[in-house]
K.L.:
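First, the structure itself, so that you have it in front of you.
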Amino acid sequence: MLPLKNRLKKKKDFENVFTEGKTAKSRYFFLKTLKTNSIDSRIGFIVSKKVSKKAVERNRVKRLFREAVRLDIARIKPGYDLVFIVLNSVKEKELTEIKKEVEFILGKYGLLI
RNA sequence: GUAAUAGAAAGAACAAUCGCCCUAUUUUUAGGGAGGAAAGUCCGAACUUCCAUUCCGAAAGGAAUAAACAGGUAGCGGGUAAUUCCCGUCAUUCGCGCAAGCGAAAGAGAUGCGAACAGAAACGCUCUAAUUCGAAAGAUGAAGAGCAUCCCUUUGGGAUGAACUCUUAGGGAAACCUUUGAGAUGAAACGGCUAAACUCUUACCCGGAAGCAAGAACAAAUCUUCUUAUAAAGAAGAAAAAAGUAGUUCGCUAGAGGUAUUAAGCAAUUAAUAUCCCAGAUAGAUGAUUGUUUAGAAACAGAAUUCGGCUUACUAAUCUAUUACUAUU
RNA sequence: GGAUGUGUGGCGGAAUUGGCAGACGCGUACGUUUCAGGUGCGUAUGAAGUAAUUCAUAUGGGUUCGACUCCCAUCACAUCCA
């Protein structure tokens, strides 16, 4: 789980990111980004029922993504709001695979220090 | 040994590193952190608000649920806060199964028992022998006057019993069971099916509806008024009252609670005593990596107001009782 | 989280005091009209089987002589509640 200051929580924040943010696409997820110039970067995750109908599987996917981001949290540039929208193809993938993909996309769009 | 039926128990533990939620202490430590189904939302209860009625009160408000309507339950007896649940009895009848066993049924009324096909005839009260009689036999169908046992010289004939009504005695907590005697009937006394969509009756239960996204408290904004400045729109500021949105807090987890012992009871369960505190989030915690143990760590699956049931999903290896068949002694 | 509703051919959609399932429209195929196409008209159109027949109203049970309809369980989809 991420520290409290790095979590995106409010519904309005999510809506802002959706309406004004930029989109990047990966094999496993969409990434929406918005520059806010605040002290910390905040990150949210969305796993819809399209991914799986079972709550256990959705929780599992969410936790794997959180873990992948948590391990790199120090390297992410401050002052951004990020939202990961997880796609169906991520099912039954390992942590290392997800972590690799997340790092690749963040690096590609210049969000890593 | 194989197959089956009924039931019981289990649903990993420990350690290290990096993280998250809650509580306490206080500023870094300690303790706790998903399930047997957390699921389906099929029953039921607590709790909250609204509605109805009654009572108390000057009012504000508080308390209660009697009756009626509507609704629910249904072998019988017991348990529970309550139930479509649980326990006992397996009491009667019916259906399924070789069997162990499993499933269904409160009682009555009126109404109805279609079309097609088969059949002589669809509620039945018939037909088949030259005629009459025959509770035999046969035919059609989902359904048609029948059932059981026994005997004989078998186009068939005969005996006894139950079934129906009344009645005697005994057993049982009761449903009911066993039992004594008499009568009726021989083709018409009488009887079958039909509510899991109707109506009524009996006994018992229950005010009705909606649900924690229930609801309660605080409360920016907005609106109103005033002041300042202004040609006006508007802007800025302040204030009392109203308002109840965004948001925050409560509801929220100590409970019809768990564990142990004793007592009552066949049991479900109840009572007493001791002891324990065991998730409480709100973009929503309980995760990641590695090692050890073990035959194995797989399957179904994630708390969201709480609790009691039912139902469904599922894993590997077990245990107990019973039934059928087979083999051996 | 809580509360409701729906499910019938390839598609939409009829049929309910329980009594002939698949009306009707669209689509598809074939024929016909035309120089050709379209339109129009006609026929066929759930599955298995040579046929008789059997199975089919989301799935599985039950009640009933008889179930799309009544009852129970399961599955899928949709709607509402801050």
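Labels below follow one simple rule: chain letters A, B, ... track the order of the sequence lines, proteins then strands, and each chain is numbered from 1. Bear in mind that the values here come from a model prediction, so they are computed numbers and not experimental data. What you see below is based on every heavy atom in this structure, not just the backbone, and it leaves out hydrogens, waters and symmetry mates.
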K.L.:
Closest approach of A/Ile46 and A/Val83, non-hydrogen atoms and distance?
P.N.:
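That closest heavy-atom pairing would be CD1-CG1, 3.9 Å.
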K.L.:
Taking all atoms of both residues into account, what is the closest heavy-atom pair of A/Gly79 and A/Ser41, and its distance?
P.N.:
N-OG, 3.4 Å
K.L.:
Provide the closest heavy-atom pair for A/Phe65 versus A/Val86 in the form atom of the first, atom of the second, distance.
P.N.:
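Between these two residues, the closest heavy atoms are CE1-CG2, 3.9 Å.
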K.L.:
Please name the nucleotide paired to B/C147 by Watson-Crick or G-U wobble geometry with both distances under 3.5 Å, or report none.
P.N.:
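In the structure as shown, B/C147 has B/G161 as its Watson-Crick or wobble partner.
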K.L.:
Could you tell me how far B/G72 sits from B/G161 if I compare only their C1' atoms? Round to whole Å.
P.N.:
46 Å
K.L.:
Identify, with sequence neighbours excluded, every residue that meets salt bridge (Lys or Arg N to Asp or Glu O under 4.0 Å) alongside A/Arg7.
P.N.:
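Once residues adjacent in sequence are excluded, A/Arg7 has no partner under the salt bridge (Lys or Arg N to Asp or Glu O under 4.0 Å) criterion.
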K.L.:
Mind checking the P distance from B/C20 to B/U25? Whole angstroms is fine.
P.N.:
22 Å
K.L.:
With rounding to the closest Å, how many angstrom separate the C1' atoms on C/G61 and C/A15?
P.N.:
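The answer is 25 Å between these two C1' atoms.
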K.L.:
Starting from C1' on B/A38, measure out to NZ on A/Lys54 and report it in whole angstrom.
P.N.:
16 Å
K.L.:
Using the glycosidic torsion, which applies to B/U253: syn (within 90° of 0) or anti (everything else)?
P.N.:
syn
K.L.:
Given the P atoms of B/G171 and B/G192, what is the spacing between them in whole Å?
P.N.:
34 Å
K.L.:
Partners of A/Lys99 by salt bridge (Lys or Arg N to Asp or Glu O under 4.0 Å), sequence neighbours excluded?
P.N.:
A/Glu103
K.L.:
Verify the contact: side-chain N or O of A/Arg42 to OP1 or OP2 of B/A283, cut-off strictly under 4.0 Å; return yes or no.
P.N.:
no
K.L.:
Once you round it to whole Å, what is the distance between C1' of B/A285 and CG of A/Asn6?
P.N.:
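My rounded result for the distance is 16 Å.
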K.L.:
Taking RNA chain B as the partner, which of residues 64-72 of chain A come within under 4.0 angstrom of it by heavy atom?
P.N.:
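Under 4.0 Å from RNA chain B: A/Arg66, A/Glu67, A/Arg70.
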K.L.:
Considering only the P atoms, how many Å lie between B/G291 and B/G31, rounded to the nearest integer?
P.N.:
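Each nucleotide's P atom is 27 Å from the other's.
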K.L.:
Nearest whole Å is fine: how far is B/A303 C1' from A/Asn59 CG?
P.N.:
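So the two atoms are 11 Å apart, to the nearest Å.
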K.L.:
Work out which heavy atom in A/Tyr28 is nearest to a heavy atom in A/Glu97; give both atom names and the distance.
P.N.:
OH-OE2, 3.1 Å
K.L.:
Rounded to whole Å, please give me the gap between NZ in A/Lys99 and C1' in B/U289.
P.N.:
11 Å
K.L.:
Return the minimal non-hydrogen interatomic distance between A/Lys25 and A/Ile105, and the atom names on each side.
P.N.:
O-CD1, 3.9 Å
K.L.:
From CG of A/Leu8 over to C1' of B/G284, roughly how many Å is that when rounded to an integer?
P.N.:
14 Å
K.L.:
Taking only residues two or more places apart in sequence, or in another chain, which ones meet A/Phe14 in a ring pair (Phe, Tyr, Trp, His ring centres under 6.0 Å)?
P.N.:
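Residues passing ring pair (Phe, Tyr, Trp, His ring centres under 6.0 Å) with A/Phe14: none at all.
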K.L.:
Which base sits across from B/A173 as a Watson-Crick or G-U pair, both distances under 3.5 Å?
P.N.:
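The answer is none; no pair meets the criterion.
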K.L.:
Where does B/A30 land, syn or anti, given syn is within 90° of 0?
P.N.:
anti
K.L.:
Rounded to whole angstrom units, what separation is found between the CG atom of A/Leu95 and the P atom of B/G19?
P.N.:
16 Å
K.L.:
A/Arg63: what forms a salt bridge (Lys or Arg N to Asp or Glu O under 4.0 Å) with it, not counting sequence neighbours?
P.N.:
none
K.L.:
Starting at the 5' end of RNA chain C, write a dot or bracket for each base, bracketing those in Watson-Crick or G-U wobble pairs whose two distances are under 3.5 Å and using | for partners on another strand.
P.N.:
(((((((..(((......[....)))((((((.......))))))(((....)))..(((((..]....)))))))))))).
K.L.:
Could you tell me how far B/G77 sits from B/A175 if I compare only their P atoms? Round to whole Å.
P.N.:
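Per the computed distance, 8 Å lies between those P atoms.
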K.L.:
A/Arg63 side chain: which of B/C21, B/U289, B/U286 is closest?
P.N.:
B/U286
K.L.:
Between B/C22 and B/C250, how far apart are the P atoms? Round to whole Å, please.
P.N.:
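Going atom to atom, P in each nucleotide, I get 12 Å.
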K.L.:
Could you state the interatomic distance from CD1 (A/Ile73) to CG (A/Asn6), rounded to the nearest 0.5 Å?
P.N.:
4.0 Å
K.L.:
Less than 5.5 Å between centroids and less than 30° between ring planes, does A/Phe45 satisfy that with B/A283?
P.N.:
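Taking the rule of under 5.5 Å and under 30°, the ring of A/Phe45 does not stack on B/A283.
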K.L.:
Rounding to the closest angstrom, what is the interatomic distance between B/U41 and B/U312 at atom P?
P.N.:
16 Å
K.L.:
B/A281 phosphate, OP1 or OP2: any side-chain N/O from A/Arg7 under 4.0 angstrom?
P.N.:
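Answer is no, no contact under 4.0 Å.
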K.L.:
Syn or anti for B/C18, with syn set at within 90° of 0?
P.N.:
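Here B/C18 takes the anti form, which means its glycosidic angle is more than 90° from 0.
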K.L.:
Rounded to the nearest Å, what distance is computed from the NZ atom of residue A/Lys62 to the C1' atom of nucleotide B/A281?
P.N.:
12 Å
K.L.:
Check the surroundings of atom CZ in A/Phe18: do more than 12 heavy atoms from other residues, nucleotides or ligands lie under 6.0 Å from it?
P.N.:
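Yes, CZ of A/Phe18 has more than 12 neighbouring heavy atoms, counting only those of other groups under 6.0 Å.
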